[in-house]
Peer 1: 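Mind having a look at this structure? Questions to follow.
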Amino acid sequence: MAAKSLQSIRGIHDGLPAEVRVWQRIETAARKVFGTYAFSEVRLPILEPTELFVRSIGEATDIVSKEMYSFTDQGGDNICLRPEGTAGSVRAYLQGGLTRSGTQRWFYIGPMFRRERPQKGRLRQFQQIGVEMFGAAGPLEDIEMLAMAHAFLTELGITGLTIEVNSLGCAVCRPGYRDQLVGYLKQRAGQLCETCNERIEKNPMRVLDCKVASCQAQLGDAPEMVGHLCEGCETHFTGVKQGLDALQVPYRINARIVRGLDYYNRTAFEIVTDQLGAQGTVLAGGRYDGLVEELGGPATQAIGFAAGLERLSMLLGETEAAGVDVAVVALGDAALTYSLKQAALLRSEGLSVVHCGGGNAKRQFRVADRESARCVVVIGENEMHTGLVTLKDMATGNQHELSIAEVVQAISG
RNA sequence: GUGGACGUAGCUCAAUGGUAGAGCCCCGGCUUGUGAUGCCGGUGGUUGGGGGUUCGAGUCCCCUCGUCCACCCCA
């Protein structure tokens with residue numbers, strides 16, 4: 001608590017070694033699994049024109065209306081820190097001229113920014129692992145997307161997750177359903193909570209998953225989107241369900257999943273846990289068939305999802321530090337330079353080596369212990385003369401005089 | 001943006017309005033070529049910051065910053 005004036009910004013945290021180890025575990029799993037589905041990594045800008053998100057996410061959404069870090073730069077351009085990854089991906093897809101290059105399967109890992117009040121599982125700078133597929137027509141891509149998300153979380157060994165799937169309909173069937181729902185809600189407006197009354201006009205589907213018990217009590221027979229799908233959406237949704245069944249991907253229909261962002265249609269899904277308090281959504285996504293065209297490209301069906309790295313991390317627990325292979329203890333000033341050379345030799349063989357800094361033996365062994373070194377190589381004047389080193393196994397306490405080559409053999413083998 | 005809880009040593013936490021402490025960690029010694037277990041000693045704090053009440057504030061009041069939890073919303 002010492003230096004008060006120099007703190008990171010509220011809700012923006014440091015990734016220190018213990019945390020980053022867990023992130024890397026997640027990233028490794030993502031690269032492995034997404035690779036098996038032939039997805040390629042993209043690295044996209046963190047700064048984007050503000051207009052991009054206004055046009056894609058929707059001006060009325062909370063993200064755009066109050067959560068974006070946007071500002072005017074020295075040249076007068078209105079730019080912002082990206083609040084999510086899909087809009088930028090679409091922008092890059094179009095800008096890169098890839099609309100005639102066949103299906104694009106992308107994933108990315110990186111920070112996103114939203115100026116919200118921080119709480120459990122919610123930060124102002126957070127990291128997402130996102131996946132986008134452009135040129136994804138049928139239910140088949142939806143199925144593979146869900147299967148890939150499932151495989152990813154399975155690879156991580158996270159249990160207690162539920163895959164929830166819904167269909168949000170499309171421009172054909174959603175408006176009619178919406179009207180019907182609004183009518184239903186208006187009849188019961190008196191019994192609904194204050195926020196739900198605000199939601200009736202702004203985002204009526206959100207009323208369906210209100211947490212207030214008295215609201216839920218009113219909504220038992222509320223109309224649901226899945227009961228009002230047009231023929232195209234119905235066929236699509238049925239195809240998705242059949243495919244998931246065939247692949248034995250466990251899921252349940254949650255007719256009350258709502259997507260906050262304007263661009264979603266048809267398949268929407270969330271993978272949720274009950275272990276993270278109010279922020280139970282660990283991974284979420286869906287289809288956004290209209291967005292590419294909306295942003296000036298050719299009509300292109302697309303689907304994607306994003307997972308919150310920090311939320312996943314909270315479900316995994318600590319990852320043990322790798323620990324160094326060898327700690328070098330140099331005894332006597334005469335052996336210092338020589339010991340540095342021996343350390344370099346060990347490193348050139350690929351071992352991870354810490355030099356304990358010379359000085360008294362006890363201190364150096366304590367350093368070796370704190371570094372969780374598997375072995376200590378002791379180098380003093382005796383060793384300099386014989387050309388050998390003393391290798392001590394820190395677990396057993398046994399030690400022998402060996403050549404460097406034998407040390408490498410003993411540790412690697 | 002709204003509401004609630006909290007902020008004391010590097011960490012985890014004590015201290016009826018009356019001299020700021022403990023455990024762990026760290027450093028040193030017992031042992032100048034041997035760690036993790038022992039014993040002895042030591043460093044470390046403007047009690048988040050600022051103001052107020054009081055003879056006296058870590059403790060009470062106000063403001064501010066931050067953390068956590070929830071709402072809103074979302075990964």
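Chain letters run A, B, ... following the sequence lines, proteins first, then strands; residues in each count from 1.
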Peer 1: Take atom CD in A:E294; do more than 12 heavy atoms of anything else shown fall under 6.0 Å from it?
Peer 2: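 Check fails, neighbour count at 12 or below.
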Peer 1: Using whole Å, what does the distance between atom C1' of nucleotide B:C71 and atom CG of A:D62 come to?
Peer 2: 12 Å
Peer 1: Has A:E381 got more than 12 heavy atoms of other residues, nucleotides or ligands less than 6.0 Å from its CD?
Peer 2: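 No, CD of A:E381 has 12 or fewer neighbouring heavy atoms, counting only those of other groups under 6.0 Å.
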Peer 1: Applying the side chain to side chain contact (heavy atoms under 4.5 Å, CB included) criterion to A:L391, which one of A:V326, A:V376, A:V377, A:V378 satisfies it?
Peer 2: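 The option that passes is A:V377.
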Peer 1: Distance check, P atoms only: B:C65 and B:G28, in whole angstrom units.
Peer 2: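 That atom pair is separated by 43 Å.
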Peer 1: Closest heavy-atom contact between A:G121 and A:Q279?
Peer 2: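 Closest pair (atom of A:G121, atom of A:Q279, distance): O-CG, 3.8 Å.
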Peer 1: Expressed in angstrom and rounded to an integer, what is the separation of A:R124 atom CZ from B:C73 atom P?
Peer 2: 18 Å
Peer 1: Which sits closer to the 5' end of RNA chain B, A:A278 or A:G308, going by the nucleotide each is nearest to?
Peer 2: A:A278
Peer 1: For A:V282, answer base if it contacts any base atom (sugar-phosphate contacts may also be present), sugar-phosphate if it contacts only those atoms, and nothing otherwise; contact means non-hydrogen atoms under 4.0 Å.
Peer 2: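 Sugar-phosphate, no base atom in range.
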Peer 1: Could you tell me the separation between the CG atom of A:L16 and the C1' atom of B:C11, rounded to a whole number of Å?
Peer 2: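 That distance rounds to 14 Å.
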Peer 1: Any side-chain donor paired with an acceptor under 3.5 Å for A:Y338 and A:E383?
Peer 2: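 The answer is no; no qualifying pair exists.
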Peer 1: Determine whether A:Y251 and A:F269 satisfy the following criterion, side chain to side chain contact (heavy atoms under 4.5 Å, CB included), listing intermediate values before the conclusion.
Peer 2: CA-CA 10 Å; A:Y251 69 96; A:F269 53 92; over 6 Å; no
Peer 1: Once the angle between the rings of A:F305 and A:F34 is folded into 0 to 90°, is it parallel (under 30°), tilted (30 to 60°) or perpendicular (over 60°)?
Peer 2: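 Judged by the thresholds at 30° and 60°, the geometry between A:F305 and A:F34 is perpendicular.
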Peer 1: Round to a whole Å and report the spacing from CD of A:E27 to C1' of B:A75.
Peer 2: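 Spelled out: CD on A:E27 to C1' on B:A75 is 15 Å.
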Peer 1: Roughly, in whole Å, what's the span from CZ in A:F113 to C1' in B:A75?
Peer 2: 14 Å
Peer 1: Out of curiosity, A:K186 NZ to A:E201 CD, how far, rounded to the nearest 0.5 Å?
Peer 2: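 Here the interatomic distance stands at 4.5 Å.
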Peer 1: Say we look at B:G21 and B:C26: how far apart would their P atoms be, to the nearest angstrom?
Peer 2: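 My reading of the P atoms in B:G21 and B:C26 gives 23 Å.
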Peer 1: How far does the P atom of B:U64 sit from the matching atom of B:G17, given to the nearest Å?
Peer 2: 27 Å
Peer 1: Please measure how far the P atom in B:A75 lies from the corresponding atom in B:C6, and state the result in whole Å.
Peer 2: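 33 Å, rounded to whole Å.
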Peer 1: Determine the Euclidean distance between corresponding C1' atoms of B:U43 and B:G10; express it in Å to zero decimal places.
Peer 2: 12 Å
Peer 1: Is the terminal nitrogen or CZ of A:R115 (NZ for Lys, CZ for Arg) located under 6.0 angstrom from the six-membered ring centre of A:F113 and within 45° of that ring's axis?
Peer 2: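 No - A:R115 does not lie over the ring of A:F113 by the 6.0 Å and 45° rule.
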Peer 1: With the sugar-phosphate defined as primed atoms, P, OP1 and OP2, and the base as all remaining atoms, what B/S/- string results for nucleotides 26-39 of chain B, 5' to 3', for protein heavy atoms under 4.0 Å?
Peer 2: SSS-B--BBBS---
Peer 1: Below 3.5 Å, does any donor atom in the side chain of A:R122 face an acceptor in the base of B:C73, or the other way round?
Peer 2: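 By the distance-only test, yes, there is a pair.
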Peer 1: Stem ranges for RNA chain B, with three or more consecutive Watson-Crick or G-U pairs under 3.5 Å?
Peer 2: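 The stems are B:1-7 with B:65-71, B:10-13 with B:21-24, B:26-30 with B:38-42, B:48-52 with B:60-64.
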Peer 1: Can you measure from OG1 (A:T86) to CZ (A:F53) and round to the nearest 0.5 angstrom?
Peer 2: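 Answer for the OG1-CZ pair, A:T86 versus A:F53, is 9.5 Å.
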Peer 1: How many Å lie between CZ on A:R259 and C1' on B:C73, as a whole number?
Peer 2: 12 Å
Peer 1: Roughly how far apart, to the nearest Å, are B:C11 and B:C25 at atom P?
Peer 2: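 Each nucleotide's P atom is 15 Å from the other's.
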Peer 1: Hey, does the side chain of A:K211 come within less than 4.0 Å of B:C72's phosphate (OP1/OP2), counting only N and O?
Peer 2: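 For A:K211, the contact criterion (side-chain N or O under 4.0 Å from OP1 or OP2 of B:C72) is met.
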Peer 1: Distance check, C1' atoms only: B:A15 and B:U8, in whole angstrom units.
Peer 2: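 B:A15 and B:U8 have their C1' atoms separated by 10 Å.
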Peer 1: Taking atom C1' in both B:A14 and B:U53, what distance in whole Å separates the two?
Peer 2: 26 Å
Peer 1: According to the interplanar angle, ranging from 0 to 90°, do the rings of A:Y93 and A:F134 count as parallel (below 30°), tilted (30 to 60°) or perpendicular (above 60°)?
Peer 2: parallel
Peer 1: Applying the side chain to side chain donor-acceptor pair (under 3.5 Å) criterion to A:D289, which one of A:T300, A:T267, A:N265 satisfies it?
Peer 2: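 With A:D289 as partner, side chain to side chain donor-acceptor pair (under 3.5 Å) holds for just one option, A:N265.
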Peer 1: Atom CG of residue position A:D333 - does it have more than 12 heavy atoms of other residues, nucleotides or ligands inside 6.0 Å?
Peer 2: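 Not buried by this count: 12 neighbours or fewer within 6.0 Å.
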Peer 1: Within this structure, what is the CE-to-P distance between A:M68 and B:C73, rounded to whole angstrom?
Peer 2: 18 Å
Peer 1: Can you tabulate the close N/O pairs, meaning under 3.5 Å, that link protein atoms to atoms of nucleotides 66-68 of chain B?
Peer 2:
unit_1: B:U67; atom_1: OP1; unit_2: A:G11; atom_2: N; d: 3.1
unit_1: B:U67; atom_1: OP2; unit_2: A:R10; atom_2: NE; d: 3.1

Peer 1: Starting at atom CZ of A:R115, determine the distance to atom C1' of B:C73, rounded to an integer number of angstrom.
Peer 2: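 Between C1' of B:C73 and CZ of A:R115: 15 Å.
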Peer 1: Using a cut-off of 4.0 Å on non-hydrogen atoms, how would the nucleic acid contact of A:Q279 be classed: base, sugar-phosphate, or nothing?
Peer 2: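 Contact class for A:Q279: base.
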